[in-house]
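It should be emphasised that the depicted structure is a prediction, and the values quoted were computed from it without experimental measurement.
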Amino acid sequence: MGVTTDLNVPKGIKVVLNPTQEYFDQFQEWITETERWNYRRTEYKLWCTAFEKFWLYMAIDEENDECVSVVSLALQRNSDGKKLYSIGNYYCVPEWRGRGVSNKLFVQVMKHVGKENCTLFGAVKMSPLYATRFNFALMNEFWHMFADIDVVDLVIPAMPNGFTCKKIEDNDWEKLHEYDETICDLDRRKFMKMNLSVAGTIARIVFNESGKIVGFGAIKMATGNELIMSPLYAETLDAATALMSTLLKGIPAILSFSSLITIYPDVNNDVPR
């Protein structure tokens, strides 16, 4: 944890780079309450270790020693070694909004980005500001949709014929990484293995009758008493059904959770089904 002193933030505010877990837990409480952003307990440690580089800037009210605002930045590379930065967790507690604190943090992470490619996953209502102030003007050709269902209303589907789902074991990782590289151009082997292995995660891989991988997925047990289905890749609806059935049956005491959520591209019409 390091204190940054050159951001010209309001008096009584200090800016810390990669604060301790205690401060991240404060941030988590706020975003759970006001935004319904929920993470696993191990998420922050995962980000700090799994990405090539990771920065989380946090503004702290020195009088109360409490989190005020946050923004994070991660560095990954594609298969050709080209850099791709991604910005997330851009947040300010309600009583501090409009005072310019968050903007100072955003400017700071953009200094790391420079002229490299960068992506931002943010709220739709904020997109005009991101475009005019920081030139985030290019949009995906699809929207990301949010879906949820109360756990008490879940009907776990029957396992379709012709598929086998299993836990990801040591001898599966190379095959899974090779499969993932047909889906995503990022070099994310380290992140994938840690993301699917950390505490609070149920992960499975699905094979067809010939033993070929046809999908993989995970459900994360998160704060806010929620289950988050992410990632979920499957080549057919039946393969997805097999994954979901196996994943849901693997959740311990599933009725102790309130809801199951996922975020998916609106071009994928099979997700609501």
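- The closest side-chain donor-acceptor pair between S258 and N225, if any, does not fall under 3.5 angstrom.
- Counting heavy atoms from C-beta outward, Y44 and F27 have side chains that stay 4.5 Å or more apart.
- Once rounded to the nearest 0.5 Å, the distance linking CE of M192 with CG of D187 reads 11.5 Å.
- With D180 as reference, R188 is the one residue of K175, R188, K193 to meet the salt bridge (charged side-chain N to carboxylate O under 4.0 Å, His left out) rule.
- When only modelled atom types and interatomic distance are considered, R133 and N103 share a side-chain donor-acceptor pair under 3.5 Å.
- Of the possible donor and acceptor atoms, none in the side chain of E116 sits under 3.5 Å from a partner among the backbone N and O of K83.
- A donor-acceptor contact under 3.5 angstrom links the side chains of Y23 and D65, judged on distance only.
- Side-chain contact between F163 and D238: present, with at least one pair of heavy atoms (C-beta onward) separated by less than 4.5 Å.
- For the 3.5 Å distance criterion, the side chains of T119 and S86 fail to qualify, holding no donor opposite an acceptor.
- The ring pair (Phe, Tyr, Trp, His ring centres under 6.0 Å) test with H112 singles out one residue from W55, Y85, F106, and that residue is W55.
- Donor-acceptor pairing under 3.5 Å is recorded for the side chains of S210 and N208.
- If you check the side chains of Y91 and S102, you find no donor sitting under 3.5 Å from an acceptor.
- For the residue pair S259 / R36, a side-chain donor-acceptor distance below 3.5 Å is found, with atom types taken as modelled.
- Side-chain atoms of E174 and R189, non-hydrogen and from C-beta on, do get closer than 4.5 Å to each other.
- I254 and M159 fall within a single hydrophobic cluster, where Ile, Leu, Val, Met, Phe, Trp and Tyr are joined by side-chain heavy atoms under 4.5 Å apart, directly or via other members.
- Atom CG in L176 sits 12.5 Å away from atom CD in E169 (nearest 0.5 Å).
- The environment of E35 atom CD is dense: over 12 non-hydrogen atoms of other residues, nucleotides or ligands sit within 6.0 angstrom.
- Proximity of E66 to Q26: side-chain heavy atoms (C-beta onward) are separated by under 4.5 Å at one or more points.
- By the 4.0 Å N-to-carboxylate-O rule, D172 lies close enough to K166 to be salt-bridged with it.
- A donor-acceptor pair shorter than 3.5 Å can be found between the side chains of N89 and Y39.
- Ring geometry, W47 versus F24: the interplanar angle exceeds 60°, so the pair is classed perpendicular (tilted spans 30 to 60°).
- Under the 30°/60° scheme for interplanar angles, the aromatic rings of F216 and Y233 are found to be tilted.
- Here the shortest heavy-atom pairing between I228 and N38 reads CD1-O, 3.1 Å.
- Two residues are said to be in side-chain contact when any heavy atoms from C-beta on lie closer than 4.5 Å; Y57 and S69 fail this criterion.
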Practice task
May I have the step-by-step check of side-chain contact (heavy atoms from CB on, under 4.5 Å) for I261 and L227, ending in yes or no?
Solution key: CA-CA 6 Å; I261 72 172; L227 299 171; over 6 Å; no

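- R40 contributes atom CZ, which lies 11.0 Å from atom OG1 of T223 (distance to the nearest 0.5 angstrom).
- Remark: side-chain polar atoms of T182 are paired, donor with acceptor, to backbone N or O of Y179 under 3.5 angstrom.
- To the nearest 0.5 Å, the span separating OG on S230 from CD1 on I219 amounts to 10.5 Å.
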